[in-house]
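Just so we're on the same page: letters track the sequence lines, and every chain starts at 1. What you see is a predicted model; the values in this text were computed from it and never measured.
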Protein chains: 2
Amino acid sequence: MTHEAKTVSEQTRERLLDAAREAFSQHGFQGATVREICRRAEANVAAVNYHFGNKDGLLAEALNFAPLKAMQLANAKADGNPEVRLRLFIRDFMLMLLDETNGSLPCRIMARELADPTPALDKIVREAIAPLHDFLGKLLREIAGGKTGEAELRRCMHSILGQCLYYRHSHPVLQRLHPKLRYDHKKIETIAEHIADFSLAGIGYISGKTCA
Amino acid sequence: MTHEAKTVSEQTRERLLDAAREAFSQHGFQGATVREICRRAEANVAAVNYHFGNKDGLLAEALNFAPLKAMQLANAKADGNPEVRLRLFIRDFMLMLLDETNGSLPCRIMARELADPTPALDKIVREAIAPLHDFLGKLLREIAGGKTGEAELRRCMHSILGQCLYYRHSHPVLQRLHPKLRYDHKKIETIAEHIADFSLAGIGYISGKTCA
DNA sequence: GAGCGTATCAAACGTTTGTTTGAATGTAAA
DNA sequence: TTTACATTCAAACAAACGTTTGATACGCTC
């Protein structure tokens, strides 16, 4: 009874979380309304406050950084070549940000809340972004070599993250500029490949500058 | 009387516009409230609707793309070396996005509204972003040479804009990761220089790939 | 100074928001 | 079946929002 079948209460909890992830990733925390979330979850308006205390609690529980951490773990165990691992990281990260079929909405919620501080931003920074920066920083250190300064390396990291996040943040604009635009799996990989090529060349130049 | 001294009505109009630019760039269009704007402009709540019809009208008039266009015009007339002109563009763009003393808030409002469609987004795209893309596209074409494909060139443009916008979009997060962080004129130029170095190396690699 | 159009004001409007309430319903043990 | 608790529900709550109103004060022309 504690193990197998989910109680009906746990089912509505999960329906609420799913609907919340959808709504938050689409309209942001402020833009998404409790009523709309409950409607999509086929639950009563009071359900959010009963199960999660309030809207903030719903956001906190809707965030799930497991896919992001799993991605980093798998990457660390992959082929030892750091440049290939950077390519893999960029590809996986872009898929999380753009691929509709991926289902990793928490990553897209995160991206949305970067610019617009939310009650949950401290938790997001602490549990997701800081570890991500650590991971990517170490990976770039392997590629750039020990001579490259800490500040230069961090700027390279920002250059990579900036390129990736751009496609998510500016999607409404790019959609208006190129109405026929749609990101399928193939197109995402092409973009990821470009970012990797572009960035590896950039890192090579930056790290070479200080070594020369 | 039509030329020199501003009527008291025009003064409150300008106070409202200034307060609106401040509020929209800080809290976004949704987050900023008409009441807060009027309070900071020392005007009555009804002033917005009297002078601009409604909140949307206030946003539309608060946007001013003149600085952005002037920057592009000055850039086009500058030193003919396209690589130097790209460096200049990145520097000026970053100053608009980050420098507090610059006063080009419309640029920061624009950056904020990229991800969150607003009643004015269509106007922003048509009058500011599309021309900006044209300008930057042509500049990159000069640098990359005629052999580089249109798609590759556009992706390079996205790489550059992504790097620049990252520092604006992720400012709340970077602030939390490095609490001592503050962008002064000197620091912004250092970042702009990095982005230019990083990107020119990237463009060199991308354009070389297709020419080889 | 009278008259007129413009601009400002306090106050209220109608909605929408997140949240709370108390009754009704469901679930599971005694 | 009865009892006790957990969950759902319709309804209402208080607060905040953009907007409207009608009266008041101002600036200008005649």
Side-chain angles (χ1 to χ4, degrees), chain A residues 1-24 26-63 109 113 116-121, chain B residues 1-24 26-63 109 113 116-121:
Chain A
M1 128 243 230
T2 63
H3 229 211
E4 207 61 37
K6 289 168 183 168
T7 75
V8 48
S9 163
E10 278 167 339
Q11 285 175 21
T12 65
R13 252 186 76 98
E14 291 214 10
R15 283 206 315 278
L16 282 170
L17 286 173
D18 284 342
R21 282 188 262 262
E22 198 90 24
F24 288 149
Q26 282 183 5
H27 311 110
F29 179 70
Q30 272 197 102
T33 70
V34 171
R35 280 179 167 79
E36 165 75 7
I37 291 170
C38 290
R39 202 185 53 77
R40 296 223 289 208
E42 300 185 54
N44 188 272
V45 222
V48 163
N49 298 72
Y50 177 79
H51 285 280
F52 304 98
N54 54 25
K55 196 184 179 185
D56 293 4
L58 176 59
L59 172 61
E61 293 221 37
L63 292 171
I109 299 174
E113 309 287 348
D116 209 352
T118 270
L121 185 55
Chain B
M1 130 238 234
T2 63
H3 230 212
E4 206 62 35
K6 290 166 183 170
T7 75
V8 49
S9 164
E10 279 166 342
Q11 284 176 20
T12 64
R13 253 185 75 98
E14 292 215 9
R15 283 206 316 279
L16 282 171
L17 287 174
D18 283 342
R21 282 188 263 262
E22 197 89 24
F24 288 151
Q26 280 183 7
H27 310 111
F29 180 70
Q30 272 196 98
T33 70
V34 172
R35 280 177 167 81
E36 165 75 8
I37 290 170
C38 291
R39 200 186 54 78
R40 296 224 289 210
E42 300 186 53
N44 188 272
V45 224
V48 164
N49 297 73
Y50 178 78
H51 287 279
F52 305 98
N54 54 24
K55 195 184 178 187
D56 294 4
L58 176 58
L59 173 61
E61 293 221 36
L63 291 171
I109 299 175
E113 309 286 350
D116 210 351
T118 271
L121 185 55

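- Of all heavy-atom pairs between B:E113 and B:L121, the closest is O-CD1, 4.0 Å.
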Stepwise side chain to side chain contact (heavy atoms under 4.5 Å, CB included) check, A:R13 with A:E61:
CA-CA 10 Å; A:R13 252 186 76 98; A:E61 293 221 37; 2.8 Å; yes

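- Here the closest non-hydrogen pair linking B:F24 and B:K55 is CE2-CE, 4.2 Å.
- The side chain to side chain donor-acceptor pair (under 3.5 Å) test applied to A:R15 returns no partner, not counting sequence neighbours.
- The nearest whole Å value for the distance from the CG atom in B:N54 to the P atom in C:dT15 is 18 Å.
- In the displayed structure, A:E42 atom CD is contacted under 6.0 Å by at most 12 heavy atoms of other residues, nucleotides or ligands.
- A heavy atom lying under 4.0 Å from DNA chain D marks the following residues of residues 30-38 of chain B, by number: B:A32, B:T33, B:V34, B:R35.
- OP1 or OP2 of C:dT20 lies within a sub-4.0 Å distance of a side-chain N or O belonging to A:N49.
- Across the protein-nucleic acid pair, A:F52 atom CZ and C:dG18 atom P stand 15 Å apart, rounded to whole Å.
- Rounded to whole angstrom, the span from the CZ atom of B:R39 across to the P atom of D:dC17 amounts to 12 Å.
- The heavy-atom pair separating A:L16 from A:I37 by the smallest distance is O-CG2, 4.0 Å.
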I'd like a list of close polar pairs between nucleotides 5-10 of chain D and the protein, N/O only, cut-off under 3.5 Å.
{"residue": "D:dT7", "atom": "OP1", "partner": "A:S9", "partner atom": "OG", "Å": "3.1"}
{"residue": "D:dT7", "atom": "OP2", "partner": "A:Y50", "partner atom": "OH", "Å": "2.6"}
{"residue": "D:dT7", "atom": "O5'", "partner": "A:Y50", "partner atom": "OH", "Å": "3.2"}
{"residue": "D:dT8", "atom": "OP1", "partner": "A:T12", "partner atom": "OG1", "Å": "3.2"}
{"residue": "D:dT8", "atom": "OP2", "partner": "A:H51", "partner atom": "NE2", "Å": "2.8"}
{"residue": "D:dC9", "atom": "OP2", "partner": "A:N44", "partner atom": "N", "Å": "3.3"}
{"residue": "D:dA10", "atom": "N7", "partner": "A:N44", "partner atom": "ND2", "Å": "3.2"}

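- Ion pairing of B:R39 with B:E36 is present here, as a side-chain N (NZ or NE/NH1/NH2) and a carboxylate O approach within less than 4.0 Å.
- Remark: the backbone N or O of B:G57 is paired with a side-chain donor or acceptor of B:N54 at under 3.5 angstrom.
- Regarding A:F29, its CZ atom lies at a distance of 14 Å from the P atom of C:dT17, rounded to whole Å.
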